[in-house]
Amino acid sequence: MTGVAISRTQQFRIDARRLAARIETLGGVGAIAGGGVCRLALSDEDRAGRDLVVGWMRELGLTVAIDAIGNVVGVRQGLESGPPVMAGSHIDTVSTGGRYDGNLGVLAGLEVVRTLNEAGMVTRRPLAVAFFTNEEGARFSPDMMGSLVFVGGLPLDAALATVGIDGASVGDCLQRIGYAGTARCGNTPVHAYVELHIEQGPVLDADGFTIGAVEGVQGISWTEFTVGGIANHAGTTPMRLRHDAGYVACAIASHARAIAREVGGDQVATAGAVALSPNLVNVIPFKAVITVDLRNTDEAMLQAAEHRLHAYAAEVAAAEGVTLSHRTLARFEPVAFDPAVVNLVEETARALGHSVRRMPSGAGHDAQMLARICPAAMIFVPSADGISHNVQEFTSLPDLEAGANVLLQVLLKLAA
Ligand code: HGY
Ligand code: MN
Ligand code: MN
């Protein structure tokens with residue numbers, strides 16, 4: 001910007017050490033060995049994290065609303081009223097979570113508010129900082145549940161009735177932690193939504209970029225297969241007489257990986273959860289429940305992978321003489337973010353002197369749901385060695401600072 005007066009707000013910068021300190025404090029809620037976090041949605045740890053962040057929102061003067069699915073939105077008044085420009089993400093984690101996944105986007109939003117409060121600067125449009133319930137989907141499917149209800153994509157009653165992997169329902173757990181709010185869910189007007197998030201993959205770190213201008217999110221397909229076999233003695237039962245549910249589940253997992261390897265490109269496949277019954281060394285399993293997570297940036301290719309997997313599962317089950325059923329835990333098509341906001345992210349990063357590249361998101365995010373009701377986009381910062389959903393998850397302070405400053409300037413432009 002040589003020769004052009006830089007406006008006062010363009011000089012605003014967040015306080016990186018303050019942000020890092022907040023990340024560490026929140027990371028201490030549900031802390032696990034190795035520097036990670038276990039804060040499963042609607043758990044006691046999630047309640048403690050929610051209480052902490054709501055307290056910080058109130059300290060900043062935000063008006064806090066909690067909706068019926070437990071989404072929390074803090075609003076900062078603007079010079080004018082109307083739909084806010086929103087920053088946000090999630091503070092629930094997987095059980096081997098890191099300190100940055102989701103938490104960064106929420107805490108950076110609050111750091112932006114604090115920076116503007118200290119500068120005495122009021123934006124034309126209101127600003128909002130949100131965290132959405134159960135983004136991870138690890139305890140209750142689907143993922144991005146709270147933001148999906150927020151945009152009217154999942155009926156509230158269906159979400160509340162959802163039973164998790166431990167047998168508890170979303171509704172009961174929300175009541176138990178005191179976050180069954182009164183604010184109306186669904187189609188709350190938002191002017192625009194920007195989410196700062198760690199990449200959780202290897203691209204930015206490997207290619208030496210500081211900022212990712214995220215163009216969209218790939219398609220997600222979560223299926224749970226249930227296999228019914230016959231328990232029998234592991235030593236006395238000839239192979240030809242077996243109806244081994246465990247073998248079929250493992251065959252499905254192995255074939256999912258083979259499909260991904262054969263298709264190549266963006267296709268990925270993960271068998272993340274498996275339960276065998278009775279799960280004993282010398283008993284042929286009579287039951288197996290296994291999940292398969294398939295993703296691809298291309299919807300047609302994702303459907304093709306799904307069809308191949310289901311055809312194989314049926315074939316191997318029939319050959320083994322076991323029963324097979326399945327249910328869809330989550331299914332979202334690829335989402336493209338708003339080109340104007342993606343451009344704004346890219347231009348802002350460049351104007352701040354950061355290296356930036358456009359890219360898709362391999363992970364699901366609340367932004368893909370907000371994109372249904374307003375212009376939305378994401379800002380990525382690097383994950384060291386591409387590691388995430390792992391206690392070793394790490395993003396350097398300079399990268400955190402760069403991402404939060406891009407968020408600050410993008411929000412200012414959208415709220416001007
Ligand atoms: O599964 C995901 O992509 C996200 O972590 N919920
Ligand atoms: Mn996340
Ligand atoms: Mn995650």
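These values consider heavy atoms only, across backbone and side chains, with no hydrogens, waters or symmetry-generated copies. Order of listing sets the numbers, starting from 1, for every ligand and every atom in it.
Set against the non-hydrogen atoms of A363, the atoms of ligand 1 under 4.0 Å away are 3 (O). Each of the following atoms of ligand 1 lies closer than 4.0 Å to a heavy atom of W222: 1 (O). Per-residue contacts place E135 under 4.0 angstrom from the following atoms of ligand 1 (heavy atoms of the residue considered): 4 (C), 6 (N). Of all atoms in ligand 1, numbered sequentially from 1 with element shown, those under 4.0 Å from a heavy atom of H389 are 5 (O).
Residue-to-ligand polar distances place G364 within reach of ligand 1: an N/O pair is separated by less than 3.5 Å. Considering backbone and side-chain atoms together, E136 places an N or O closer than 3.5 Å to an N or O of ligand 1.
H90 and D366 share no donor-acceptor pair across their side chains, judged by distance under 3.5 Å alone.
Between E299 and R331, at least one side-chain nitrogen of the basic residue sits less than 4.0 Å from a carboxylate oxygen of the acidic one, meeting the salt-bridge criterion. Of the charged side-chain nitrogens involved, none lies within less than 4.0 Å of a carboxylate oxygen, so that R39 and E136 do not count as a salt-bridged pair. Using a 4.0 Å cut-off between a side-chain N of Lys or Arg and a carboxylate O of Asp or Glu, R50 and D46 qualify as a salt bridge.
Residues F337 and V217 are in side-chain contact: their nearest non-hydrogen atoms beyond the backbone lie under 4.5 Å apart. Annotation: side chain of M369 is in contact with side chain of F332 (closest heavy-atom distance under 4.5 Å).
For residue H389, an N/O/S atom approaches the Mn ion (ligand 3) to within less than 2.8 Å. For the Mn ion (ligand 2), the N/O/S atoms of H365 include none lying under 2.8 Å.
The residue among Q218, M145, H197, R295 with a heavy atom at the shortest distance from atom 2 (C) of ligand 1 is R295.
Residues L160 and A68 approach most closely at CD2-O, 3.9 Å, considering heavy atoms.
Residue-level check: among N/O/S atoms of E136, OE2 sits closest to the Mn ion (ligand 3).
Enclosure of atom CZ in R257 is not indicated, since only 12 or fewer non-hydrogen atoms of other residues, nucleotides or ligands lie within 6.0 angstrom.
The angle subtended at the Mn ion (ligand 2) by NE2 of H197 and OD1 of D101 is 90°, given to the nearest 10°.
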